[in-house]
**Q** 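Sharing a structure here in C-alpha cells format.
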Amino acid sequence: AVVSTQSGHYAGGITAIKWSHDSSHLAVLDASNPNTITVWSIADKSITAVLQFVHNPRTFAWHPHLLRLIVASGDSSVSMWEYDGCWIIELPAECSVNVNHTNWSSDGNALLLSAKDNFCIGFLE
C-alpha cells in the first residue's frame, strides 16, 4: 500500500476539524487564531478559504449534501459559507438562541441551532 500525506501545521493546536460531506474539504478551527476557520481542499492540497469572524466560532457543521459550511459564534446569527461567498443570517426574534451547537438534518433542508437550555430549528428558503 502507498500512503500519501498532506499536513497543515497549527502551532497553537486545533480546536475543531471536520470533513465536508464528500471528503473533498476540511474545515479547521485554529486554537491560536480562534476567530478564523481555514477551509482546505484535499485534492489541491491547498487552502480554499480563510474565514475570519468578529466573534470566535463556537461550532460549525458541513451541509450533508453540498459544499456549504454553517458557523455559529454564540450570538443571534449564523454565518454560511459556500464557494460563491459568505452570508450572515440573522435569526428571527422568536428564535432567541445564543447558538453553541449546530447540526443539519440528514436531508439538508433544516438546521438545528441550540444553546445550553433552548433550541430552534431553521429552514432555509
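Numbering starts at 1 and runs along the sequence shown. These figures come from a predicted structure and were not determined experimentally.
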**Q** Treat each ILVMFWY residue as a node, draw an edge where side-chain heavy atoms are under 4.5 Å apart, and state whether Val54 and Trp87 are in one component.
**A** no
**Q** Measuring from atom OG of Ser77 to atom CZ of Phe53, what distance do you get when rounded to the nearest 0.5 angstrom?
**A** 10.0 Å
**Q** Could you check Val71 against Trp81 for side chain to side chain contact (heavy atoms under 4.5 Å, CB included), going step by step and ending with a plain yes or no?
**A** CA-CA 8 Å; Val71 180; Trp81 173 85; 6.0 Å; no
**Q** Once rounded to the nearest 0.5 Å, what's the spacing between atom CG of Leu67 and atom OG1 of Thr48?
**A** 7.5 Å
**Q** Nearest heavy-atom pair of Thr102 and Ala72: which atoms, and what distance?
**A** CG2-CB, 3.9 Å
**Q** Is the shortest side-chain heavy-atom distance between Trp40 and Lys45 below 4.5 Å?
**A** no
**Q** Is Ile37 close to Leu69 at the side-chain level, that is, under 4.5 Å between some pair of heavy atoms?
**A** yes
**Q** Would you give the length of the straight line joining atom OG of Ser114 to atom CD1 of Ile121, rounded to the nearest 0.5 angstrom?
**A** 10.5 Å
**Q** With a 4.5 Å limit on heavy-atom distance, are the side chains of Val99 and Leu91 in contact?
**A** yes
**Q** Where is the tightest heavy-atom contact between Ala115 and Asn100, given as atom of each residue plus distance?
**A** CA-OD1, 3.4 Å
**Q** Could you grab the distance from atom CG of Leu112 to atom SG of Cys120, nearest 0.5 Å is fine?
**A** 8.0 Å
**Q** Tell me, please, which residues at least two apart from Asn109 pass side chain to side chain contact (heavy atoms under 4.5 Å, CB included).
**A** Asp107
**Q** If you compare all heavy atoms of Ser73 against all heavy atoms of Pro57, which two are closest, and at what distance to 0.1 Å?
**A** OG-CA, 3.7 Å
**Q** Rounded to the nearest 0.5 Å, what's the gap from NE2 on His65 to NE2 on His21? Could you check?
**A** 8.5 Å
**Q** Any side-chain heavy atom of Leu29 sitting closer than 4.5 Å to one from Ile14?
**A** no
**Q** Flag the pair Thr38 / Asp30 as yes when at least one side-chain heavy-atom distance between them is below 4.5 Å, and no otherwise.
**A** no
**Q** Going by heavy atoms in the side chains, are Ile17 and Val28 under 4.5 Å from each other?
**A** yes
**Q** So do the side chains of His25 and Trp62 get within less than 4.5 Å of each other, counting heavy atoms only?
**A** yes
**Q** With no hydrogens and no angle check, is any side-chain donor or acceptor of Lys18 less than 3.5 Å from a backbone partner on Ala61?
**A** no
**Q** Taking only residues at least two apart or on different chains, which pairs with a member in residues 94-125 satisfy ring-ring contact (aromatic ring centres under 6.0 Å, His included)?
**A** His63-Trp104
**Q** Just by distance, do the side chain of Asp22 and the backbone of Ser24 share a donor-acceptor pair under 3.5 Å?
**A** yes
**Q** Before giving the answer on side chain to side chain contact (heavy atoms under 4.5 Å, CB included), spell out for Ile47 and Val39 the whole-Å C-alpha distance, their side-chain angles and the decisive distance to 0.1 Å.
**A** CA-CA 6 Å; Ile47 294 173; Val39 179; over 6 Å; no
**Q** Decide whether Met80 and Leu66 are clustered together by the hydrophobic rule: side chain heavy atoms of Ile, Leu, Val, Met, Phe, Trp, Tyr closer than 4.5 Å, transitively.
**A** no
**Q** Are the side chains of Leu111 and Ile70 in touch, meaning some heavy atoms are under 4.5 Å apart?
**A** yes
